[in-house]
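Take a look at the structure set out below.
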Number of protein chains: 2
Amino acid sequence: MGIKELARHLNISIGTVSRALNGHPEVNAETRKRVLEAAAALGYAPDQAGRSLRQGTLNVVALLLSTDLTSKTDTMFFMELSRGIQDQFAEHGLDLVIHLNKPGMDMLDRVKRIVERRQADALILAETRDNDPRLDYLAGRSFPFATMGRSWSGGSHPWMDLDFDFAMRAAIDRLAGFGHRRVALVTGDPGYRLDTMLQDAYRRELMDRGIAIDEALMIRADTHEEGGYKAMTEFLAMAAPPTAVIFPHYRAVVGAYACLSESGLQPGRDVAILSCSADTTIAQFMAPPLTCFRLDLYGLGRRLAQALLATMPRFAESYGGALIQEIWPWELIGRDSDGFRVG
Amino acid sequence: MGIKELARHLNISIGTVSRALNGHPEVNAETRKRVLEAAAALGYAPDQAGRSLRQGTLNVVALLLSTDLTSKTDTMFFMELSRGIQDQFAEHGLDLVIHLNKPGMDMLDRVKRIVERRQADALILAETRDNDPRLDYLAGRSFPFATMGRSWSGGSHPWMDLDFDFAMRAAIDRLAGFGHRRVALVTGDPGYRLDTMLQDAYRRELMDRGIAIDEALMIRADTHEEGGYKAMTEFLAMAAPPTAVIFPHYRAVVGAYACLSESGLQPGRDVAILSCSADTTIAQFMAPPLTCFRLDLYGLGRRLAQALLATMPRFAESYGGALIQEIWPWELIGRDSDGFRVG
DNA sequence: GCTATCGTCGTAAACGTTTACGGAATAGAT
DNA sequence: ATCTATTCCGTAAACGTTTACGACGATAGC
């Protein structure tokens, strides 16, 4: 059931059918109606391959995720983000497809393949690194892309990022307000922009308050349960353990909670625990409820898609054409996991 | 950079170039080498649109998920499953793309769109319902598809499913062994095959042991934290509360734990809690550690992909050509959340 | 020396669209 | 009656591939 059959069925040329379906003005209203009705009745929809071959566009945007990271941290984060991205694209008839990259495979190869085989019109990347060859490659070929998280690579491109400075300030404000002076920070793999920024903000905030920085209080750990467990174990073994710990993610906190309770300690009474990112509904039901930050991930996804659309020639006019780069706020949700006064 | 440029650059016809790249035998070994080298050097990769237009195949399989369900239950479940599916397809050069369906949109429309526009060569559906028009549609157009979960619809098609009978027997065996007679079951939305099967198995197992079925002990709830919290609240308000509760999912258990602790009760001492599906790493770190079932989701995904491949003409030979339908086992991981003797 | 076979390659058609171009028909103006 | 403008539509080329078909030279068999 191609456009040819449809045209023959209507005794009309295929050119007219195509024009009718695509809303061109130079077609009789009566004819258009007939075409649309016949198309609906016969279940005709234009073949993507033929269309994209002709006009060099697929109406597909790819989102590249690594199963590595998504399995180690929060899948919810990316689901909500993807939902927002997809809804925004849907308004322009674009489909979002998610490519999962397995741990071993080089992400750059994956990107190259998508670009060279023209599997997408544009690309969204997450988990940006400080130095990210993927972005340089895309920028070099002037392929439209946007990233979740800033990077030094890729020249000036659209991105969305989180306000780590604000988050860290709010977190340390709160903890310092409760009297904490030995505040520890757990971060993920070095090299990721996210972790770099968290550490920088952490250092800055402590220094601003005249609190000496103890490098031993900044440790790296996987951002899942076991990582949190190990990190907490390490802290408890110190001569002078921290009285408060900031985790990047709630899953690590689950491990930390378990570690504390095994040692007869209680989070929120003996050690203050605070998490940056979190599934806020699960955080609310933890024992004790976890202080964390709320993010409008859905809105963030939508905006990220908008930023990308603004750089695509076909859609730029709808978005003003200016480069969109935004830093999104976090909202601190204070709960019981760190709500106690120390010293 | 199309095949034409590449051919001109080599002083060879495009036919030969195409044959060389696709491994046809009727091409000189020397020529093939030259072509492959030039392609790599110039970064040539065949255009997907052109190729699929010609041979009517996209090398793409779509996985359809609803953000509705994935946000209410476990995103991890689908991530692991997707990872397995993708790895299996990758062995045949097929890409997996994930389509997220937003809550309001009709899944059937989405399926129709993918089929009519030829956006994929095959489809994988999850969250099957007892009566699922999507499957009938696909079967009617003889479009290759496979499902996660059985259904009454769609005729005989490849699927993977879980052994609910076994799981329920193992769960109730264990609970009955601890002396429990009032065992409750929390399930999700009616109509989903998963929930139907859990309920059936539950009834059967109780009857087999001569335990009278109390319909009040089977309640429906959303399978997330709040749903679990509400369900537990309802149970506690009963004149004769259950001494054990089986939840479908660990996220609901998080809510139940919170509810119990608010009532001064302790899971694993006052009420036995058991969860079917769970992220086993998080379950291990809960307090108390949660008894649940382990699934080889990655392997399940791979096998589901194989089942689909076996029905696709191009690949059938590699998989024997027979219809693949399998019921996968769960492995009971006994922990402390239900490990106590009652009565 | 003629034919048959084989290995290798070039030619051109086909896949399903979109769109530039031109033509036919109608209407309005002179 | 002629000319122009407008509206609508048909024709055909083009997008980048794959592949059936035929052609060519070389080799082998007789």
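All chains are named by letter (A, B, ...) in the order of the sequence lines, taking the proteins before the strands, and each is independently numbered beginning at 1.
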Exercise for review: Check whether the side chains of Thr311(B) and His157(B) place a donor and an acceptor atom closer than 3.5 Å, and report yes or no.
Suggested key: no

Practice item. Inspect the contact between Arg83(A) and Glu80(A) and indicate whether a charged nitrogen and a carboxylate oxygen are less than 4.0 angstrom apart. Key: yes

**Study point:** Short side-chain N/O contact from Asn22(A) to OP1 or OP2 of dT18(C), under 4.0 Å
**Key:** yes

**Study point:** Whole-Å distance separating the NE2 atom of His24(A) from the C1' atom of dC9(D)
**Key:** 14 Å

Practice item. Starting from the 5' end of DNA chain C, give me the residue, Arg51(A) or Lys4(A), whose nearest nucleotide shows up first. Key: Lys4(A)

Review point. To the nearest Å, how far apart are Gln48(A) CD and dC15(D) C1'?
Key: 15 Å

Review point. dT17(C) base to Arg54(A) side chain: any donor-acceptor pair below 3.5 Å?
Key: no

Point to revise | Nucleotide dT18(C), atom C1' - distance to OH of Tyr44(A) in whole Å | key: 10 Å

Review point. Taking atom types as modelled and ignoring hydrogens, do the side chains of Arg314(B) and Asn59(B) form a donor-acceptor contact shorter than 3.5 angstrom?
Key: yes

Point to revise | Check ion pair Arg117(A)-Asp95(B) (N to O, under 4.0 angstrom) | key: no

Check your understanding: Separation of Leu58(B) atom CG from dG16(C) atom P, in whole Å?
Key -> 13 Å

**Study point:** Interatomic distance where CD1 belongs to Ile3(B) and P belongs to dT19(D) [whole Å]
**Key:** 11 Å

Point to revise | Spacing between Leu53(B) atom CG and dA14(D) atom P, to the nearest angstrom | key: 16 Å

Check your understanding: If you measure from the Lys or Arg side-chain nitrogens to the Asp or Glu carboxylate oxygens, is any gap between Arg302(B) and Glu91(B) under 4.0 Å?
Key -> yes

Point to revise | His92(A)/Tyr319(A) aromatic ring centres below 6.0 Å | key: yes

Review point. Rounded to whole angstroms, how far apart are CG on Asn28(A) and P on dT7(D)?
Key: 12 Å

Review point. So what does Gln55(A) touch, heavy atoms closer than 4.0 Å: a base, only the sugar-phosphate, or nothing?
Key: sugar-phosphate

Point to revise | Whole angstrom value for the distance that separates P of dC15(D) from CG of Asp47(B) | key: 12 Å

Distance-only check: which donor-acceptor pairs under 3.5 Å involve side-chain atoms of residues 15-28 of chain A, not counting sequence neighbours?
{"residue": "Thr16(A)", "atom": "OG1", "partner": "Ser13(A)", "partner atom": "OG", "Å": "3.2"}
{"residue": "Asn28(A)", "atom": "OD1", "partner": "Glu30(A)", "partner atom": "N", "Å": "2.8"}

Point to revise | Strand-adjacent residues in residues 14-21 of chain A, judged by heavy atoms under 4.0 Å from DNA chain D | key: Gly15(A), Thr16(A), Arg19(A)

Practice item. May I ask you to verify if any side-chain N or O of Thr31(A) is less than 4.0 angstrom from the OP1 or OP2 atom of dC9(D)? Key: yes

